[in-house]
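Residues: numbered from 1 along the sequence shown.
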Amino acid sequence: NGLWKWHRVAFEMGRSPNYLQRITEVAKSVVQGEGLSEKAQGAMQRDLAAFEQWRLALDGNARSSAPSGISQGKKSAVQSDRENEME
C-alpha cells in the first residue's frame, strides 16, 4: 500500500514521531473507507519525491547532493514546515 510506503520513507527521512503517527492515523482511516485528503496527498507526494531524489543521488554516488537533512537524519526548515502541514 502506498500509505505504508510513505510511512517507511518518512521514517527513513528522519520525520518526527508526531508526523509518523499522523501518517499511521491517515492510513488507518483510509483502510476504514475514508478518503485521503488533498493535504495528505500533497504531503505524501512531496515526501516520496524528495526520497526518490535522495535515492537517485545515492545511486549516482553523489551523497552530498541529497536534499538537506535527509542523509544525516536531520530536518531542514522546509522539512519542519512540511511536517506542520500534516499536524
Side-chain angles (χ1 to χ4, degrees):
N1 178 317
L3 293 168
W4 299 117
K5 177 181 178 181
W6 176 26
H7 189 281
R8 181 183 52 80
V9 163
F11 176 80
E12 290 181 26
M13 291 173 61
R15 297 291 193 211
S16 72
N18 287 341
Y19 190 83
L20 297 173
Q21 179 59 39
R22 183 66 186 126
I23 294 172
T24 300
E25 292 167 4
V26 167
K28 287 179 180 178
S29 295
V30 169
V31 167
Q32 294 174 357
E34 295 180 31
L36 186 61
S37 72
E38 286 184 30
K39 191 176 188 179
Q41 286 176 0
M44 179 173 70
Q45 289 172 349
R46 284 188 300 275
D47 284 347
L48 293 174
F51 185 76
E52 184 64 16
Q53 286 179 339
W54 176 63
R55 191 184 65 75
L56 290 173
L58 288 177
D59 287 348
N61 294 321
R63 187 174 183 90
S64 62
S65 297
S68 176
I70 294 176
S71 62
Q72 294 83 24
K74 298 177 184 173
K75 290 182 269 182
S76 69
V78 172
Q79 288 171 315
S80 294
D81 288 345
R82 287 181 182 160
E83 287 185 11
N84 291 333
E85 292 175 5
M86 280 293 294
E87 296 175 1

Pairwise side-chain contact, V26 with M44, heavy-atom cut-off 4.5 Å (strictly under): no

Nearest non-hydrogen partners of W6 and A40, listed with the distance: CH2-O, 3.6 Å

Hphob cluster co-occupancy, W54 + L20, side-chain heavy atoms under 4.5 angstrom: no

ILVMFWY cluster, L48 and W4 together (side-chain gap under 4.5 Å): no

Where I23 and A10 come nearest, the two heavy atoms and their spacing: CD1-CB, 3.7 Å

Point-to-point distance, once rounded to the nearest 0.5 Å, from CD of E38 to CD of Q45: 10.5 Å

Any Y19 side-chain heavy atom under 4.5 Å of T24 side chain: no

Those residues that, when tested against E25, pass side chain to side chain contact (heavy atoms under 4.5 Å, CB included) (two or more places apart): Q21, R22

Student check: side-chain heavy atoms of D47 and F51 closer than 4.5 Å: no

